[in-house]
Amino acid sequence: MAYILCYTKPGTGTYPDSNYPGHVGYLCDWEQAMHLAWSEDGEAFHPLRNNTGILFAHAAYDEGNPKGTTKTLIDPWLFRKGDGSFGVCAVRCNQNAPDRKTKGSIMLFSSPDLVHYTEEGFLKVSEKSLRHPKCIYSPERCSYRLEWEEEKGIRCGWTENLKEIREISAREETSVRSCRDFGIPGCVPGNILEIQDDELRVIRDYLDVIEHVSVRLPEMKIRRGTVLRPEDLPKAVCCYSDGSEHAKRVDWNLEQLKEIPADKPGVYTVQGRIRRSPWRFPMKLSFGGMNAWDINDPEMHTGMSDPCVTWYRGKYYLSSSGREHIVLRCADRIEDVFGADPVIVADLKLPVGETFRGTWAAELHEIGGRLCMLTATCPGGIWTKVFSVVLICNGDPLDRKAWSEPYTMVRADGRRLQEEGITLDMTYFQDAGRDYVMWSDRRITMQGGEQVIEPADIRIAVIDPEKPWQIISPITRVIRPDFGWDRMETEVDEAPYMIRNGDDLLVTFSGSSTGMADLYDVGLLRAKSGENLLDPDAWEVIGYPLLTKESVPNEFGPGHNNFVVDRESGDIVMSYHAVPHDAQGRTLHRQPGLRRLHWAKTGLPYLEMTPERDLAPELEQVTLSVTVE
């Protein structure tokens, strides 16, 4: 038997950061969502997902607010349903304020495994505001007993289908909610539910930290007369806490290898050290020659936003956001590309009176056999006038003469993608013979003399690979900011990037604040290869963020990532930016980082694999047994 605790966290509801005066970032990932913690004995509990939220209420787009209304939940309560699955009851709020539309109603979710949730709606039980709903299934009555608190006391009732309440009555006493914090910082407990050990295993596989726990080496048997070479020796299979595995290279003791006699049967040993990732956040950048560009922007010398590492014809190239001087860095090894001197490969023309032009989130992709750069141009740095463009390379990527002028991305009818707003963070991939682009799209209009800014959502379309700026299909919205974790301070979904795992198409995207950089985080979309990806129903969104400010110490606001294969190790590597803090806790500039992508047992990408989680120091040394027969 095992135990699951559901809880929320208290707080002011806003993120305190003096670097952003006037900005308000509601901490929906921390305070206004259901958290889970697990225990094997019902006493010692361990928070899941780094003590951040797992279940979030959907935003409402039908209440007259162009940005949608951020919905949150409080007072969660877990219960077992009559069919053996799980349910959650809670109270819905408008961030920290009461939700008048659901006054007197209990919010309900269903779940097969406490990992995946479906919002089932509301059960109206009162005309008054309520708190602390509880639900328990009675097998004898084949009904659910509900209990809730109103201003003047406790009420209870029965329901067979969680849709209609009956037999409502007053209750003088109620089971007391625990006031323990269970050793979890900021824990406001809901309840504890007994679950089976196999159910806990599923929950932990999806939601727990994944760490290196053991090493497996094959026993080598060779025939007499065989001379072993270093390349004949195996990789070490590192085993992780969720049951997943990853093969790593080993630096073997070559002197011990030479001492194994080819003509003498016996058992011999070779010691080795598992090769550790060389990457530490932040990656050091070179700004050689920057002053010669006469760019009056000190931030360009101290960090990097939106790094994207691409392998192309034997070299690694690093692109990013910047100014009208578009630059690339190039190196033979992935860890060296950040330290390579930047090279100007394109100069955007500045119209008369324009002092500079920003370029956002440049990505390199081979489209139709040609290297293309997808980026967005921002005239004068005015963020409400950003639009996606593509540059085409006809030669050496480091030769500025090889690059075309930017082509504006256009719809099938020749219009710009968004004529009343902005488009940016465009990416590209192929599937089932079709060439797709995905990007972030935000509508900005003037209505009644006021500027109306709608959420930034993610859209998809098919392009002509011969004219990669030309959309040739309808444009579909895949997702819009829908949860508290992608609506903090700014309602934004952006920076999509696709990676495959078998038949799964997995698209990471970044959400939440672009102004308060600490609140940035990473979510995930999933679809199946071969499906109609222009159909929004083909895409599933994971309901919780995969990477947040709690994932790795002193890496706040992680996001805007891409993936590339390290040709030396064969590993998939994630490049990203995050925000470190100084000794006083103040936010610094965005910095680039590299991290190995780990495939969890669930088939999902695990983006929190730090060097210590990836390879436990005490397991670094290994010994191989070699039998000469």
Side-chain angles (χ1 to χ4, degrees), residues 283 285-287 290 293 295 297 299-300 303-313 315-331 334 337-338 340-350 356-367 370-379 381 383 385-400 402-409 417 422-429 437-440 463 468-469 494-498 508-510 514 559-564 574-577 590-594:
M283 298 297 292
L285 287 164
S286 167
F287 292 95
M290 288 287 286
W293 303 353
I295 299 177
D297 185 356
E299 290 191 16
M300 294 291 292
M304 175 178 284
S305 291
D306 314 327
C308 182
V309 179
T310 308
W311 170 263
Y312 179 71
R313 298 187 179 180
K315 299 283 187 181
Y316 292 98
Y317 293 88
L318 172 62
S319 54
S320 65
S321 290
R323 299 288 288 265
E324 68 272 12
H325 303 287
I326 300 177
V327 305
L328 293 177
R329 292 169 170 85
C330 178
I334 192 170
V337 72
F338 290 86
D341 287 344
V343 176
I344 300 173
V345 298
D347 294 285
L348 299 188
K349 294 179 180 178
L350 299 180
F356 74 94
R357 177 168 289 221
T359 51
W360 288 8
E363 288 188 10
L364 295 179
H365 294 275
E366 191 168 358
I367 305 175
R370 295 176 295 176
L371 185 66
C372 297
M373 179 184 293
L374 302 176
T375 187
T377 182
C378 181
W383 76 269
K385 296 182 179 180
V386 184
F387 55 93
S388 296
V389 298
V390 58
L391 291 78
I392 300 173
C393 183
N394 294 292
D396 180 0
L398 297 182
D399 180 4
R400 72 173 73 191
W403 288 92
S404 71
E405 293 294 317
Y407 294 87
T408 300
M409 297 293 303
L417 297 186
I422 63 176
T423 59
L424 49 86
D425 292 0
M426 182 169 284
T427 193
Y428 163 86
F429 63 90
V437 287
M438 295 182 83
W439 69 94
S440 181
I463 61 167
W469 61 89
E494 61 183 15
Y497 202 93
M498 193 277 290
T508 56
F509 65 94
S510 297
T514 57
H560 207 116
N561 55 285
N562 89 301
F563 303 100
V564 64
M574 177 180 74
S575 69
Y576 64 100
H577 69 227
R590 283 173 168 170
Q591 301 287 342
L594 291 176

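- Legend: residues meeting ring pair (Phe, Tyr, Trp, His ring centres under 6.0 Å) with W311, ordered by chain and number and at least two apart, are Y316.
- Of all heavy-atom pairs between A376 and T423, the closest is CB-O, 3.8 Å.
- To the nearest 0.5 Å, atom OH of residue Y497 and atom SG of residue C308 are 5.0 Å apart.
- When side chains are defined from C-beta on, V390 does not count as touching I367, because their heavy atoms never get closer than 4.5 Å.
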Tell me, with the steps shown, if T508 and M574 meet side-chain contact (heavy atoms from CB on, under 4.5 Å).
CA-CA 11 Å; T508 56; M574 177 180 74; over 6 Å; no
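- Within the 4.5 Å cutoff, the side chain of W360 has heavy atoms near those of the W383 side chain.
- Side chains of S286 and P342 form a contact here, defined as non-hydrogen atoms less than 4.5 Å apart.
- For P379 against T377, the heavy-atom pair with the smallest separation is CD-O, 3.6 Å.
- None of R323, R400, R357 except one satisfies the side-chain hydrogen bond (donor to acceptor under 3.5 Å, both in side chains) rule with D347; the exception is R400.
- Every residue two or more places apart in sequence or in another chain that forms a ring pair (Phe, Tyr, Trp, His ring centres under 6.0 Å) with F429 is listed here: Y436.
- Remark: R329 qualifies as a cation-pi partner of F287 under the 6.0 Å distance and 45° angle criteria applied to the six-membered ring.
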Assess the residue pair R370 and N394 against the criterion (side-chain contact (heavy atoms from CB on, under 4.5 Å)); give the C-alpha distance rounded to whole Å, side-chain angles, the decisive distance to 0.1 Å, and a yes or no.
CA-CA 7 Å; R370 295 176 295 176; N394 294 292; 4.2 Å; yes
side-chain contact (heavy atoms from CB on, under 4.5 Å) between W439 and L374, worked out
CA-CA 10 Å; W439 69 94; L374 302 176; over 6 Å; no
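- The backbone N or O of A495 lies less than 3.5 Å from a partner atom in the side chain of D425, making a donor-acceptor pair.
- No side-chain heavy atom of M304 sits under 4.5 Å from any side-chain heavy atom of M283.
- The shortest distance between side-chain heavy atoms of T427 and N562 does not fall below 4.5 Å.
- Taking CZ of F338 as the reference point, atom CG of L594 lies at 4.0 Å (rounded to 0.5 Å).
- L328 approaches S319 most closely through the heavy-atom pair CD2-CB, 3.7 Å.
- Judged by distance alone, with hydrogens and angles left aside, the side-chain atoms of S510 form a donor-acceptor pair with the main-chain N or O of H560 at under 3.5 Å.
- Heavy-atom minimum distance, I326 versus L348: CD1-CD2, 4.2 Å.
- Rounding to the nearest 0.5 Å gives a distance of 7.0 Å between CG of N561 and OG of S575.
- A heavy-atom distance below 4.5 Å is found between the side chains of M409 and M426.
- In this structure, a donor-acceptor pair under 3.5 Å is present between the side chains of D306 and S321.
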Assess whether side-chain contact (heavy atoms from CB on, under 4.5 Å) is satisfied between V564 and T310, documenting all intermediate values.
CA-CA 6 Å; V564 64; T310 308; 5.8 Å; no
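- Among all heavy-atom pairs drawn from G395 and C393, the shortest one is O-SG, 3.3 Å.
- Under the ring pair (Phe, Tyr, Trp, His ring centres under 6.0 Å) criterion, W469 pairs with Y407, sequence neighbours left out.
- Atom OH of residue Y312 and atom CG of residue L371 lie 5.0 Å apart, to the nearest 0.5 angstrom.
- Shown here for L424 and S388, the closest heavy-atom pair between the two residues is N-OG, 3.6 Å.
- S320 has its side chain out of reach of L318: every pair of non-hydrogen atoms, C-beta onward, lies at least 4.5 Å apart.
- Taking 4.5 Å as the limit, every side-chain heavy atom of V337 sits out of range of all side-chain heavy atoms of K315.
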